[in-house]
Trainee: 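Structure incoming, see below.
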There are 2 protein chains.
Amino acid sequence: MPNARTEKGRATRARIVEGAAEVLREQGVVLTTLDDIRGRTGTSKSQLFHYFPDGKDQLLLAVAQFEADRVLEDQQPHLGRLDSWESWRQWRDAVVERYELQGDHCPLGSLFLQVGRAGPGARAIVAGLMRQWQEQLARGMRALQANGLVPSGLDVDRTAAALLAGIQGGVTIMMSTGDSSHLKAALDTGIEHLRTTGRTG
Amino acid sequence: MPNARTEKGRATRARIVEGAAEVLREQGVVLTTLDDIRGRTGTSKSQLFHYFPDGKDQLLLAVAQFEADRVLEDQQPHLGRLDSWESWRQWRDAVVERYELQGDHCPLGSLFLQVGRAGPGARAIVAGLMRQWQEQLARGMRALQANGLVPSGLDVDRTAAALLAGIQGGVTIMMSTGDSSHLKAALDTGIEHLRTTGRTG
DNA sequence: GAATTTCTGGACTTGCTGGTCCATTTTCCA
DNA sequence: TGGAAAATGGACCAGCAAGTCCAGAAATTC
């Protein structure tokens, strides 16, 4: 942790990241200025640049990583135990609740639009999140296969990719329309697909 | 068309919107300035404000509408004739091609992030687009039902919502990772779901 | 064809925001 | 305890981009 060599320093740095995440969630990247973050976190300009010498982009990147970590954490422990239909249902409810609660703003979506284009940093964060998320879904599907609940012929990776896409899109649509029905439809249809696939004559 | 009362005026206004759309697609909203648009469209500051008196937001909104219209147009005529498996396949290919060609930037996604929060205008544009898109998908599914290719018990609206969410998410992921496999997975899995659903014992 | 409206050019203003700088305080450590 | 390193406060700077303004050209209209 460069430029945070003391206990107090690490605390301040963390306060900045968390406070910035709050402000960004409320106002969006475009409308948020360093002064907003300063105000929220009770810090001074020099502190911001002391902990993030490369300026705003570096801070945004740190916030993006912070938010990305939260995404998967918030789905635990359900996401880690997708081995029965009941556990899938619980996970589904957790996802819906999390995003309905979050309201109409996606911290990551807007963050990587700001930083994403220029730097490979933001892309790497998003790509990493997507990879991990999809892996966990795939693992859950394999657990269903192991329990004989889903035919072993299922293309797990493709199905997991499709489900992940559905969630992403559901969240996106929810953020622009305020309606979570697409997210629910994607989750429910995806799970239903698992239940019915491969049973064709 | 306020402030474009003459033929020449309408042409200029259209040139501004189309040129702005180009620049925005290339650079993204955040990096695009009015001077960029001015340069691309060969116009002066006063022209921009003559045709869009409320400034940049109003112009962005016009571009958003312009792009939203294109989204559905680019899927025609396939989207209008989803009455056979072959036509669904053609539509699927058209969607994939369109977004792969468009590369790594979603004109609407970023546009409504900029304007979206504040004004209901951008939300209305996106919501309207989603509604129309989903309606056309639902109509296609009903056509399949009418042709006996899909069981009549299928919840068409929910399935269409899920498919739309999958497309959105697939595009979103593609834009941040450069990989179109999620989009393809969502489309293929969605169509496969249509083919296999309801055939369970 | 003259009056009036619309359209265009571009200089100028204004406000904000990211970023710099340095003085001061606090913490660390020998 | 005293000096070095880290942390903090806040004034200041520079640049940029949105928006204003007015003069003049083109067009419409009667």
Side-chain angles (χ1 to χ4, degrees), chain A residues 1-20 23-24 26-64 110-111 113-115 117-119 121-122, chain B residues 1-20 23-24 26-64 110-111 114-115 117-119 122:
Chain A
M1 198 96 60
N3 298 329
R5 297 169 161 79
T6 199
E7 199 53 49
K8 192 179 178 188
R10 275 185 291 275
T12 302
R13 201 196 123 105
R15 199 172 75 241
I16 291 173
V17 171
E18 286 163 30
V23 180
L24 287 167
E26 292 168 14
Q27 307 186 344
V29 181
V30 188
L31 300 178
T32 300
T33 72
L34 289 185
D35 263 13
D36 292 333
I37 297 172
R38 230 178 39 63
R40 175 72 60 106
T41 59
T43 50
S44 68
K45 219 55 172 304
S46 67
Q47 281 172 291
L48 258 42
F49 282 88
H50 179 72
Y51 295 105
F52 304 94
D54 293 344
K56 196 180 189 183
D57 281 357
Q58 192 185 3
L59 172 54
L60 288 180
L61 217 57
V63 174
S110 45
L111 275 174
L113 275 173
Q114 166 94 345
V115 196
R117 193 133 257 253
Chain B
M1 197 98 59
N3 297 329
R5 296 168 162 82
T6 198
E7 199 52 50
K8 192 179 177 188
R10 275 186 290 276
T12 302
R13 200 195 124 104
R15 199 172 75 240
I16 291 173
V17 172
E18 287 163 30
V23 180
L24 288 167
E26 293 169 13
Q27 307 186 346
V29 181
V30 188
L31 301 178
T32 300
T33 73
L34 289 185
D35 263 13
D36 293 333
I37 297 172
R38 229 179 39 64
R40 175 72 60 106
T41 59
T43 50
S44 68
K45 221 44 173 309
S46 68
Q47 281 173 290
L48 258 42
F49 282 87
H50 179 73
Y51 294 105
F52 304 94
D54 293 344
K56 195 179 188 182
D57 281 357
Q58 192 185 1
L59 172 54
L60 289 180
L61 216 58
V63 174
S110 45
L111 276 174
Q114 165 93 345
V115 196
R117 192 130 258 252

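In what follows, chains carry the letters A, B, and so on, assigned in the order in which the sequence lines appear, proteins first and then strands, with residues in each chain numbered from 1.
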Trainee: For DNA chain C, which residues of residues 44-55 of chain A approach it to below 4.0 angstrom with any heavy atom?
Mentor: A:Lys45, A:Ser46, A:Phe49, A:Gly55
Trainee: With sequence neighbours left out, what residues match B:Asp36 under side chain to side chain contact (heavy atoms under 4.5 Å, CB included)?
Mentor: B:Val23, B:Gln27, B:Thr32, B:Thr33
Trainee: Which residues pass the side chain to side chain donor-acceptor pair (under 3.5 Å) test with B:Gln58, not counting sequence neighbours?
Mentor: none
Trainee: Just the rounded figure in Å: distance from P of D:dT8 to CZ of A:Arg13.
Mentor: 13 Å
Trainee: With sequence neighbours left out, what residues match A:Thr6 under side chain to side chain contact (heavy atoms under 4.5 Å, CB included)?
Mentor: A:Lys8
Trainee: Round to a whole Å and report the spacing from CG of B:Leu31 to P of C:dT17.
Mentor: 17 Å
Trainee: What are the residues of residues 32-42 of chain A, sorted by number, that bring a heavy atom to within less than 4.0 Å of DNA chain D?
Mentor: none
Trainee: For B:Thr41 and B:Gly19, which heavy atoms make the closest approach, and how far apart are they?
Mentor: CG2-CA, 3.7 Å
Trainee: Rounded to the nearest angstrom, tell me the gap between atom CZ in A:Arg5 and atom P in D:dA7.
Mentor: 7 Å
Trainee: Step by step, would you call B:Leu48 with B:Lys56 a side-chain contact (heavy atoms from CB on, under 4.5 Å)?
Mentor: CA-CA 9 Å; B:Leu48 258 42; B:Lys56 195 179 188 182; over 6 Å; no
Trainee: Pull out every protein N or O sitting under 3.5 Å from an N or O of nucleotides 28-30 of chain C, one pair per line with the distance.
Mentor:
from, atom 1, to, atom 2, distance (Å)
C:dC28, OP1, A:Thr6, OG1, 3.0

Trainee: Give the minimum heavy-atom separation between A:Phe52 and A:Arg13, together with the two atoms involved.
Mentor: CE2-NH1, 3.6 Å
Trainee: Taking all non-hydrogen atoms of both residues into account, name the closest pair between A:Val17 and A:Val63 and its distance.
Mentor: O-CG2, 3.9 Å
Trainee: Donor-acceptor check, side chain of B:Arg38 to backbone of B:Thr43, threshold 3.5 angstrom: yes or no?
Mentor: yes
Trainee: Apply the test side-chain contact (heavy atoms from CB on, under 4.5 Å) to residues B:Leu34 and B:Leu59: give CA-CA distance (whole Å), side-chain angles for both, the deciding distance (0.1 Å), then the verdict.
Mentor: CA-CA 10 Å; B:Leu34 289 185; B:Leu59 172 54; 4.3 Å; yes
Trainee: In whole Å, I'd like the distance from the CG atom of A:Asn3 to the P atom of D:dA6.
Mentor: 9 Å
Trainee: Mark yes or no for whether A:Glu18, through its side chain, and A:Arg15, through its backbone, hold a donor-acceptor pair below 3.5 Å.
Mentor: no
